[in-house]
J.: 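Dropping a structure here in structure tokens format, bear with me for questions.
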Amino acid sequence: MATYEWTPRKRDYLLEARKENLPLEEATSHPLKTISVVEVKSTEKRGTPMKGAGASKAVKTELLDPLSSALEGSDPLSMFAAEVQTQTASKTRSSSLKQTKTGNPSDDLDETFEPWNAKKASILTKYSTSEKLSITTSFLSASDKERVVIKAVTATTVTDKVRNRLEQLDDFEEGSVQEMLNLSQQDYVNRIDELNQALVSAWDNDQRVKALKIAIQCSKLLADTSVIQFYPSKFVLITDILDTFGRLVYDRLKEKAMYYPPGSGVPVKLPDNFTPDQVPESAKETCRNWFYKIASIRELIPRFYVETAILKCYSYLNQGEYTDALKRLMAMIKGIGDPLVAIYARCYLSRVGMLIAPTISDHLMPCFDDFLVSYAQIQGDYVQNVLAMQKLEMPKYLTLFSPALDWLLQCIANRSSEQTLMDVLQKFKKHCKSALLLNSIISAFKPEYIAVRAVEFTEMIRESEDTGFPKHLLHRTLGLCLVMTSPPEEQKLTVLNEVWKAVMKLKNPADYIGSAEIWIEYVVINFKKREVNTILADIIKHMTPDRAFEDYYPQLQSVVAKVVTHIQDFSELFALTKFLPFIDMFQKEAVKVDICKTIMEAFAKHQSEPTNDPVIINALTFICKTMHDSVNALTLADEKKMVSHLISNFVLKISFGKDFEQQLSFYVEARSAFTNLDLVLIQLVQNVNNLAIETRRVVNGNHSRKTGNFVRACAAYCFITIPSLQSNMAQLHLYLLSGQVALLNQCYSQADSCLKAAISLIPDVPKNLYLDGKTRSSEPFLVEFIYNFLSTLLAVPDNPDSGVLYLLRGLLNILQNYTWEQSTDTKVQIYTRVLALLSATSQEVYLYHVDKVDANDAMYGSDPKFLSEVNAICSTLLEEILNHLKTLATPETFKRQSFLALELFNTLICHGDMSQQQSFTLATNLWNLAQKHGQNDTKQMVRCYDLVKRKAEATADKALGDLVKRLPLDSRA
């Protein structure tokens, strides 16, 4: 292939821009609005004459333009319209919901009503035991099973059938059971789970009596208090089985209750909101049979529990059955002697009642009254003997009542008025001033009701009988209410003084911090910093002796979280003299770092305005330094990223306004404090560059001696900081950015140093980068950087002491020796871009300039020696490219050869002088090479051909016109 010389085309950029501008038109409608097209289609059949207007049909079609599809309604006008539509639709939905509200049982519950399912997990976790348990059942697992033999009796009448089943129940009760001893808690839970599975399996196999037997056996387990501290958890496990049994019976009856709607001879299933009138008599009879079977159970506790489990089935009988049944079952519980067993029976009755008939509450207050009567038994000989035998203390025993009592009172408090609370408190004062009961009352009723009587409740706490139930738990529960709803203004201080007087006297650190953790939030919400500081000081005083704080880090962390959540003014927060000493109590590094994160997250969330408060800066610098120092080689990447973001946010929020020197001093101190985090150092470099730009904006680009020295100091800061980064790619981009900023501020030597540093760093770029959890080749990122770098070089003036285009020459030398990936043409593609740059540097006036900076067009003024140097570089690069094209002469590389030839052709058309014979011949040869092997996309070739043709017509360039005639086009196009 012959040698060619590159001759740049002389260009007038302003004239080209004017020719390329499209005429402007005023928009009369939303430019992104969906286009609607109405198409008229004929609807008559072929051969049928048209009959009036009805013979055609208008079809509306919506066409989405590409911009609308891309934005998906996210442009400002569409967003505004969508917001209006959303508000209108929301109002329509709300009114429609009000009109169509159904009788869902949950609609009759308070918003704050906590369902039983939400309580189960905490009960099972809290009430555990290491004691050995026993279980009595005829349905044991594996070899321990003793199967009940079902007698095969031919029943001729319904009476015989019922008698047969009752005999089977009697057989079960008389000796078909056995006891398993020495079970661990987990084994016990496994056995209960097996019973649940056995119940479902028996039911699925139509063994109704067996299923009932399992339900009875499970109910009997609730009479056993041999391991009393496990009783609440056992109650949860057993009643789950009973709930399953009740659901199976109810669903079975509903399946059988097919009825005939009026005027229809086809039976249908009962609707969800059926009435007893729709239930056929046969289904009612089956339902009564279930209740008759259960009524025949001899023992009180299984009879009560199993009937309560199928209580919902009364809906098949009569409308008023629920009320009567709940009252009767409530009266049955009076026969249960053990007060703990009795309160949980009342809990189950109220739980089922709230589930199936939440509007019926006649049985709830009598249940509470019966509890008050039975509470006296706790001090009786029976309970005392049980506690003595099981070596259980009274405080621990009383806490076993809490889940059931809390639930019962929550049911009473549901949708209740303040009068209900007054009635309950009156009974409390009259019959039972138990701290246990008062705690449940405070937990159950609305915080609003409690808050208006806050002082009265503190007095009741002081006068309550704390036998077995510590008063600090009462103070904690009261605090939880008052945090949700503040008491009247005149009561706030009185309540705090009364409560804190008692809290301060607590000697046990666990009891103390349990209350202080709650009440600190009450103080932060309702008082000034003086009171908050006092409480923090008191906590420090109580938790410091014997380093007690080491055992209560979670509670102390909660205190800090509540303080920073409610004190959103950080100048006020750090004005608390005891806050930082409080932080010093966290001496375990991991915990201290978590606390620092909590504070910095609150700062990021609440500090919306920049600050220069020295107290805030010093305190947060200390906190950020603690987080920074916790990062080491073993720290996870996500953890390091989180810490970096929190510190970077702190750096961004510090502003000294127009005092730029103070701002730079802060960044210098921050650099020395946070040397190990790349993201923070990157943020600091960005901030300093922004500071230099802001300085330039203030002086309008006309630097004085002082501002000139300052922006040079900023450039020096960046130049010194960037090498400490671990990421080579980050260094490259920041060197380029800092060089651009320095050039904008007319700091020529600093810009020169940054750009030279970037060039010298290219060989050190690793071949692979680890990004977003994946290993990727660094070559695409490096190429992107080089293209950006080349575009910057056009505006950079040469250093007179370093020769023509010395930065570009240095870059080309580095690229020449760089080891590129095999089977790629990256170097040649970059050379092609360099040819375009060199063509731009040959123009009399460059396409763009840096303000107040003379580029090479002004320095050299199209000097022939300069242009000769440029042309020499162009010729060298062109020769390199053409030699590379020669090497791509195998079938495996034809595609690459065609692509590169077309790319060089396009560059030559845009930037080369076609009036030169060598350029003309080269363009023709490149075009032929591009389509020689048919590897390039034919559509792309056609577009390139059309581009040359339009350019020839627009510029009236004879050489381009001649070239168009000489360019053959593949016949496939």
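Because the structure is a prediction, the values reported are computed rather than measured.
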J.: Assess whether a salt bridge exists between Glu418 and Lys446, defined as any Lys/Arg side-chain N lying under 4.0 Å from an Asp/Glu carboxylate O.
T.: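 Looking at Glu418 and Lys446, the cut-off is not met.
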J.: So which atom in Cys432 and which in Leu372 form the shortest heavy-atom distance, rounded to 0.1 Å?
T.: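 What the structure gives for the nearest pair is CB-CD2, 3.9 Å.
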J.: Would you say the rings of Tyr231 and Tyr127 are close, in the sense that their centroids are separated by under 6.0 Å?
T.: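 Not close enough - the centres of the two rings lie 6.0 Å or further apart.
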J.: For the residue pair Ser361 and Ile412, establish whether any side-chain heavy-atom pair is separated by less than 4.5 Å.
T.: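 Answer no - side chains too far apart.
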J.: Going by distance alone, is a donor N or O of one side chain under 3.5 Å from an acceptor N or O of the other, for Asn533 and Thr577?
T.: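 Judged by distance alone, the side chains do pair up.
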J.: Within a strict 4.5 Å, meaning less than it, do heavy atoms of the Lys312 and Val352 side chains meet?
T.: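 A side-chain contact is absent here, since even the closest heavy-atom pair is not under 4.5 Å.
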J.: Decide if the gap between the ring center of Trp519 and the ring center of Trp500 is smaller than 6.0 angstrom.
T.: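 They do not qualify: ring centres at least 6.0 Å apart.
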J.: Within a strict 4.5 Å, meaning less than it, do heavy atoms of the Lys234 and Asp224 side chains meet?
T.: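 Yes. Closest side-chain heavy atoms under 4.5 Å.
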J.: Are side-chain heavy atoms of Leu409 and Leu405 found at a separation under 4.5 Å?
T.: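 Sidechains of Leu405 and Leu409: in contact.
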J.: Please tell me whether Thr494 and Asn497 have a donor and an acceptor in their side chains that are separated by less than 3.5 angstrom.
T.: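 Side chains of Thr494 and Asn497: no pair found under 3.5 Å.
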J.: So Glu393 and Lys396, salt bridge (Lys or Arg N to Asp or Glu O under 4.0 Å) or not? Walk me through it.
T.: CA-CA 6 Å; Glu393 297 178 353; Lys396 183 72 173 177; over 6 Å; no
J.: Can you confirm whether the side chains of Arg547 and Gln587 place a donor and an acceptor under 3.5 Å from each other?
T.: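 The answer is yes; a qualifying pair exists.
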J.: What residues, two or more places apart in sequence or in another chain, satisfy side chain to side chain contact (heavy atoms under 4.5 Å, CB included) together with Arg328?
T.: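 So Arg328 forms a side chain to side chain contact (heavy atoms under 4.5 Å, CB included) with Glu307, Tyr314, Ala325, Met332.
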J.: Below 4.0 angstrom, N of the basic side chain to O of the carboxylate: do Lys429 and Glu463 qualify?
T.: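 No.
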J.: Can you tell which of Phe245, Tyr348, Tyr344 makes a ring pair (Phe, Tyr, Trp, His ring centres under 6.0 Å) with Tyr305?
T.: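 Option passing the ring pair (Phe, Tyr, Trp, His ring centres under 6.0 Å) with Tyr305: Tyr348.
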J.: Report yes or no: do Thr129 and Gln185 form a side-chain donor-acceptor pair below 3.5 Å?
T.: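 Side-chain D/A pair, Thr129 to Gln185: absent.
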J.: Is Lys592 paired with Glu589 through a side-chain N to carboxylate O contact shorter than 4.0 Å?
T.: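 Judged by the 4.0 Å cut-off on N to carboxylate O distance, Glu589 and Lys592 do not form a salt bridge.
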J.: Between Glu531 and Lys528, does any side-chain N to carboxylate O distance fall below 4.0 Å?
T.: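 Judged by the 4.0 Å cut-off on N to carboxylate O distance, Glu531 and Lys528 do not form a salt bridge.
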J.: Quick one: CD1 on Ile518 to CG on Leu478, what's the gap to the nearest 0.5 Å?
T.: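 Atom-to-atom, Ile518:CD1 and Leu478:CG are 11.0 Å apart.
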J.: Is the backbone of Thr225 close enough, under 3.5 Å, to the side chain of Gln390 for a donor and an acceptor to pair up by distance?
T.: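 Yes, the answer is positive, given that a donor and an acceptor are paired below the 3.5 Å cut-off.
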J.: Are any side-chain N or O atoms of Glu517 and backbone N or O atoms of Val559, one a donor and one an acceptor, separated by less than 3.5 Å?
T.: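 Pair absent, no side-chain N/O of Glu517 close to backbone of Val559.
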J.: Looking at Glu114 and Arg351, is any side-chain nitrogen of the basic one under 4.0 Å from a carboxylate oxygen of the acidic one?
T.: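 Glu114 and Arg351: not salt-bridged.
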J.: Ion pair present between Asp406 and Lys119, side-chain N to carboxylate O less than 4.0 angstrom?
T.: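 Looking at Lys119 together with Asp406, the answer is no, because their closest N to O distance does not fall below 4.0 Å.
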J.: Do Gln186 and Asn190 have a side chain donor and acceptor closer than 3.5 Å?
T.: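 Indeed, the side chains of Gln186 and Asn190 share at least one donor-acceptor pair under 3.5 Å.
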